[in-house]
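Okay, so here's the structure we're looking at.
All figures in this text were calculated on a predicted structure; none of them were measured in a lab.
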Amino acid sequence: MVIRTRFAPSPTGFLHIGGARTALFSWAYAKKHGGKFILRIEDTDVERSTPEAVQAILDGMHWLGLDYDEGPFYQMQRMETYKKVLQTMLDKGTAYHCYCSKEELDALRESQMQQGLKPRYDGRWRPETGKTLPQIPTGITPTVRFKNPQTGVVAWNDLVKGRIEIANAELDDLIIARADGTPTYNFCVVVDDFEMGITQVIRGDDHVNNTPRQINMLMALGATIPEYAHLSMILGDDGQKLSKRHGAVSVMQYHEDGYLKEAVLNYLARLGWSHGDAEIFNMQQFCEWFDLDHITPSAAQFNTEKLNWLNAHYIKEATLDALAEDISTRLQANIHKASGAPDLKAVLNLYRERANNLNQLANDVTYFYALPQASAADVEKHITPEIMPAMQKLHQQLAHIEWTAEAIHQAINAVVTEFGLKFPKLAMPLRVMLTGIAQSPSIDQVMALLGQNETLSRINAYLK
RNA sequence: GUCCCCAUCGUCUAGAGGCCUAGGACACCUCCCUUUCACGGAGGCGACCGGGGUUCGAAUCCCCGUGGGGACGCCA
């Protein structure tokens, strides 16, 4: 059997971290089994769906490299299909018209809640042999409801949660088409999963409660029931639920915030899934290893610290070309392209090991291209009057040497020896003068890249 | 309220009855490396929610609590 999975977001917002993980798992499952991954846009909520959101989802998936084999399919473009199926169900009696008004339904719900009952449709328009239906009111266009079985249980073996069983008595007859004729979510999903031949439905576990209804409809349509895998949710860094109001950000925000897609992908893969002790792996490896058996059924808390660690790893792993290309866009106004400016790749090669974020990396190397401003505290602490004679001497020496890290190192050493100092005593003020801060890679290497003229000029600014 | 789901270090997790005096990773702490800060290396701290069973034996199976979450829309 050919494996077919799908990712079916509703375009009511950007692609967030939870959606991205669902997409990643569905994608990987298809890849692993040589199957097809399908993208389906569930845009039947005309009120809230927007073309911008569709684009945002497409952009997010593209950035992460989650390519789909079929689609994107848009449900709004499949209306004819839904209507046809709807009519068939009406004809077969597995669905029926309901003339309740919204107000009537609201009142029903409220009174049930008050009585401590589970709010549900009471079946007043459900046709039954020997039952007399109410008088059809005028001026009300009916909705269509699915005639759910009233006895027995629906059960399925959830691929991540195990067997789940729900009594049909808990389920009511849900609306599958609105009064305006448009089909609703649960119905569209069923028709699409059926017609698109989906074999494994991998989705968020907020859909667990929809599953029994969907299975019942699938059975009414005579369809094969796909397997289901419900993924637990991802909590924010603080353990709180992610929502638009709290912590949920677009995956594209991670790009803007300085994360490599490799890090985000690797991190997401490990959130809720594991392969023994494996922590670092690429997507090819992931697709080989991925399986549904090793998904945790419990919710996972997002941990930015660990993402940072992975990001640091992938920054070290990146090719210098790719890194330079990225950092180049994060550096302000092409400052690194001025003639005589230090080579960005060489600079990044010196700095990549100490970065866990691309924006931070860009910020760290900016002083190579723009004069830094040291803090008064650093100046006071390191550039002391006592060190100035030695610095003066070093400045003279540096003007006459071959500009290599080794020669620079020797020059500093010579001055240090001559003045009876420890190396850092001279290296620290140099750091502050040249980089603007008290932390940097080996100062001789920094100087070698900064260039002789620029180095002498920056030191000189403090000698006056 | 009703139904459903979940429960191992602070966090992500390994664990499918004996291999567990519970393993790995992030974070944290100590030491080493060192030209500062990082990186890297070596150590350390740190968990089976509680109570009952079942069993020769339970983190693993069952039940009950407790705690957390989700769902109950003419939203998806």
### Base A76(B) paired with Asn210(A) side chain (donor-acceptor, <3.5 Å)
yes
### Task
Please measure how far the C1' atom in C49(B) lies from the corresponding atom in U60(B), and state the result in whole Å.
16 Å
### Task
Between C33(B) and A7(B), how far apart are the C1' atoms? Round to whole Å, please.
43 Å
### Query
For G40(B), does either OP1 or OP2 sit under 4.0 Å from a side-chain N or O belonging to Lys316(A)?
yes
### Task
Identify whether any heavy atom of Pro297(A) sits under 4.0 Å from a base atom; if not, whether one sits that close to sugar-phosphate; answer base, sugar-phosphate or nothing.
sugar-phosphate
### Task
Could you work out the separation of G17(B) and G70(B) based on their C1' atoms and round it to a whole Å?
32 Å
### Query
Does Arg109(A) put a side-chain nitrogen or oxygen below 4.0 Å from OP1 or OP2 of G73(B)?
yes
### Phe187(A) and Tyr82(A) aromatic ring geometry - parallel, tilted or perpendicular at 30°/60° bounds
perpendicular
### Query
Is Gln301(A) touching bases, backbone alone, or none of the nucleic acid, heavy atoms closer than 4.0 Å?
sugar-phosphate
### Task
Please check the phosphate of U36(B) (OP1 and OP2 only) for any side-chain N or O of Lys425(A) closer than 4.0 Å.
no
### Task
Check if the side chain of Arg431(A) and the base of U35(B) share a donor-acceptor pair of N or O atoms closer than 3.5 Å.
yes
### Task
Classify the angle between the aromatic ring planes of His97(A) and Tyr99(A) as parallel (below 30°), tilted (30 to 60°) or perpendicular (above 60°).
tilted
### Query
Between Leu307(A) (CG) and U13(B) (P), how many Å, whole number?
14 Å
### Task
Select from Gln439(A) and Tyr185(A) the residue whose nearest nucleotide in RNA chain B is closer to the 5' end of that strand.
Gln439(A)
### Query
Are Arg145(A) and Tyr121(A) in a cation-pi setup, meaning NZ or CZ lies under 6.0 angstrom from the ring centre and within 45 degrees of the ring axis?
yes
### Message
Heavy atoms only, 4.0 Å cut-off, all strands: where does Ser442(A) land among base, sugar-phosphate and nothing?
### Response
base
#### Entry: Separation of the P atoms in U2(B) and G65(B), to the nearest angstrom
13 Å
### Nearest-angstrom distance, P atom, C9(B) to G15(B)
16 Å
### Query
For the base of U35(B), is there a side-chain donor-acceptor partner from His409(A) under 3.5 Å away?
yes
### Message
What is the distance, to the nearest angstrom, from the CD atom on Gln214(A) to the P atom on C4(B)?
### Response
18 Å
#### Entry: Distance in angstrom units between Ile166(A) CD1 and C3(B) P, rounded
11 Å
### Task
Please state the C1' separation for the pair C12(B) and U30(B) - nearest whole angstrom.
25 Å
### Query
C5(B) C1' sits how many Å from Asp206(A) CG, rounded?
12 Å
### Message
Treating Ser250(A) as the side-chain partner and His16(A) as the backbone partner, does any N or O pair qualify as donor plus acceptor under 3.5 Å?
### Response
no
### Below 4.0 Å: OP1/OP2 of A76(B) and any side-chain N or O of Thr12(A)
no
### Query
Can you tell me how far C1' in C63(B) sits from the matching atom in A47(B), rounded to whole Å?
25 Å
### Query
Are Tyr185(A) and Asp45(A) linked by a side-chain donor-acceptor pair shorter than 3.5 Å?
no
### Message
Please report the distance separating the C1' of A58(B) from the corresponding atom of G18(B), rounded so that it comes out in whole Å.
### Response
9 Å
### Task
Using a 4.0 Å heavy-atom cut-off across all strands, classify Cys100(A) as base, sugar-phosphate, or nothing.
base
### Message
Between P on G73(B) and CD on Glu104(A), what's the gap in Å once rounded to a whole number?
### Response
16 Å
### Query
Given G70(B), is OP1 or OP2 found less than 4.0 Å from the side-chain N or O atoms of His207(A)?
no
### Query
How would you label the contact of Pro441(A) with the nucleic acid (heavy atoms, under 4.0 Å): base, sugar-phosphate, or nothing?
base
### Task
Establish, with yes or no, whether the OP1 or OP2 oxygen of C12(B) is under 4.0 angstrom from a side-chain nitrogen or oxygen of Ser274(A).
no
### Task
Please state whether the rings of Phe290(A) and Phe25(A) are parallel, tilted or perpendicular, taking 30° and 60° as the class boundaries.
tilted
